[in-house]
Amino acid sequence: MLVLNDLGKTYRTRAGEVRALHGVSLRIDEGQFLAVRGPSGSGKTTLLMMIAAMLRPSRGTVQFDGTDVYAISGPERARFRARNIGFVFQMFHLVPYLNVVENILVAQGARGQTEGARARSLLQRLGLQHRMYHRPGALSAGEKQRVAMARALLNQPRWILADEPTGNLDPENAQCVLTCLREFHRAGGTVIVATHSPAAQELDARTIHLREGMIEEHGA
Amino acid sequence: MFVIRMVLKEMWHRKVNVVLAVLAVTTAVAFSIAFFTAAKASDRETARLMLSMGYNVHIIAKDADAGGFLINGIPDKTMPADYVDKLAAQRNISYNHLLATLEGKMNWRGMEIVLTGIAPEVCPPGQKKPPMTFQVDPGTVYLGYRIAESLQVKEGQTISLGGKDLKVKKCLAESGGLDDVRMQCSLRDAQEILNQPGQITGIKAVDCLCFATGDPVVTLRKEIAAILPEAQVLQVKAIANARAKQRQMVHKIFALMLPFVVAACGVWIGVLAAMNVRDRQPEIGLLRALGYDAGAICLLFLGKAVLLGWVGAGVGFLLGTSLGLTYGPGVFEITAKAMIRWEPSLLVFACVLAPLFAVVASVIPTLIAVTYDPAATLREE
């Protein structure tokens, strides 16, 4: 279970302080599918980064199963992320010099051992078996995002955090990615998606709306 | 290890960055090897060039008239020939190239000459070097220019000297000095001719005090007095100073140039590493997000530096040595063949020091990479 308690984040810039998130409290049970919606600059990415144990909040706590992830050491937090969380980014963030299989195995590189067979099986599931040894430069946006999805799934995480995963995709590829997220959810995983994609409205997901760093409304 | 695979793949991917970095390490290694080789060759060349000016240390009998020796060039007293062995048996001393001689004036075919008997040159333990002068075989003689010219003696003739037959091995070129009226034969032959069995008049040597502080002659006298209290030491200051200054000058030039070259190459590598870190910000952010710790990020960049160092060490060694072998003989005409050669020990040094150098040059960019905030990096994208 994830509990966000009075979460706030203020960025200090040259132009002054920017309040990105303010007083966000939320409880997300294991196995939920949560869609975080809101206009650009509403704090969706900041919220996801903080949940992902990557961005220390200015105030409040992020608790996974009762443990405040910002109270543990940096290396412990890194291990926690590697074990429990899979990421999908809008910009894919594939490593340009690694081929598709290696880009997936990057997720396990931090552990010191890699499972090539599982990576290949994920690629087959995502219809990328013919692209295994291609570099990201040779892939379409949809293919890149499917590789990123496979990378997120490789470690069999409990949580998948996806930041605008369909933002750069055509409807067909967007649907493919969302289907993949739905399958992960059906298998018992927890998904948090920050999105404003129309396709995402079809998701059977609990929705929260963010505006100016605050939760504006809780949807169904 | 996956990170090592990433290092290799990244190097293959960013070839220009790798080539430029290898070039920097290669330049530093090649210069270092070329400087080291040239300094060594220069030392030897200086020593050989100074040979024409003679040895710079004379050890003569304690009771010999030093003033007379300076006027005549020949000591008036002898000492046992085994003194040279005593000196040659010492370790960690400041002289080398010990040459025992027996000299005497005599009249030959109406001409006053100097007969010099020369023993084979000896070196103290651990200081073995090629001899600085020629070795005279028993039964042969080297004639000074004036003797050969005035008395019409040719190479290959046999002459009789003090009742001993000697074959003229060589007639020497004009020197404009005492050597023109000198006959040089083996020590044993000279001892027979001059009737001085087991005796020598002096020991010539070269001091190794070019880089020592203080007055070299004081150091030499102290050392030799402890070994041979029955001898006195004279140093030919002009030769010693010229030799020391020449060697010091070469070392100073190299000592001044090398740090500049190495520092410039270090900055070059550092800048390339910084550019590499900047180009790879999203990748670093991703890896941190995936749970890679600071050690893995360091390995990614410093591992690359080590590989660059090894490649640069190999190429730099080949280049530096090739430059030495190609251009060395033109610069060091006398000693290049003996002194400039492949030195595998330098490759070992290069393979240890070049990666260390590349790592040190890459440390700051690597530390910057480690401190990247993954959230900030990924959000900016």
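Within every chain, numbering begins at 1; the chains are lettered A, B, ... in the order of the sequence lines, protein sequences first and strands thereafter.
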*With respect to chain B, which residue among M50(A), R81(A), R83(A), R151(A) yields the maximal number of heavy-atom pairs within a distance under 4.5 Å?*
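Highest number of pairs under 4.5 Å: R81(A).
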
*Pick whichever of A152(A), P96(A), G86(A) has the most heavy-atom pairs under 4.5 Å with chain B.*
P96(A)

*Any donor-acceptor pair under 3.5 Å linking the side chain of N155(A) with the backbone of P157(A)?*
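No: the side chain of N155(A) does not pair with the backbone of P157(A).
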
*Parallel under 30°, tilted from 30 to 60°, perpendicular over 60°: which one fits the rings of F89(A) and H93(A)?*
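F89(A) vs H93(A) ring planes: perpendicular.
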
_Does D163(A) form a salt bridge (Lys or Arg N to Asp or Glu O under 4.0 Å) with K44(A)? I'd like the steps, not just the answer._
CA-CA 8 Å; D163(A) 187 9; K44(A) 298 190 298 293; over 6 Å; no

*Does a sphere of radius 6.0 Å around CG in L367(B) hold more than 12 heavy atoms from other residues, nucleotides or ligands, not counting ones at 6.0 Å or beyond?*
yes

Segment of [X] engaging chain B (4.5 angstrom heavy-atom cut-off):
{"X": "R135(A)", "value": "side chain"}
{"X": "L94(A)", "value": "neither"}
{"X": "Y11(A)", "value": "side chain"}
{"X": "E102(A)", "value": "both"}
{"X": "R77(A)", "value": "neither"}

*Considering only heavy atoms and a distance below 4.5 Å, find which of M6(B), R5(B), H13(B) pairs most often with chain A.*
H13(B)

*asked:* Heavy-atom cut-off 4.5 Å, strictly under: side chain, backbone, both or neither for A296(B) against chain A?
replied: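 Interface part for A296(B): neither.
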
*Under 4.5 Å from a heavy atom of chain A, the part of E283(B) involved*: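 Side chain only.
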
*Verdict with supporting geometry, E10(B) and N276(B), side-chain hydrogen bond (donor to acceptor under 3.5 Å, both in side chains)*: CA-CA 10 Å; E10(B) 195 274 335; N276(B) 190 238; 3.0 Å; yes

*Please round to the nearest 0.5 Å and tell me the distance separating atom CE of M11(B) and atom CG of N17(B).*
9.0 Å

_Rounded to the nearest 0.5 Å, what separates atom CD1 in I192(A) from atom CG in L47(A)?_
7.5 Å

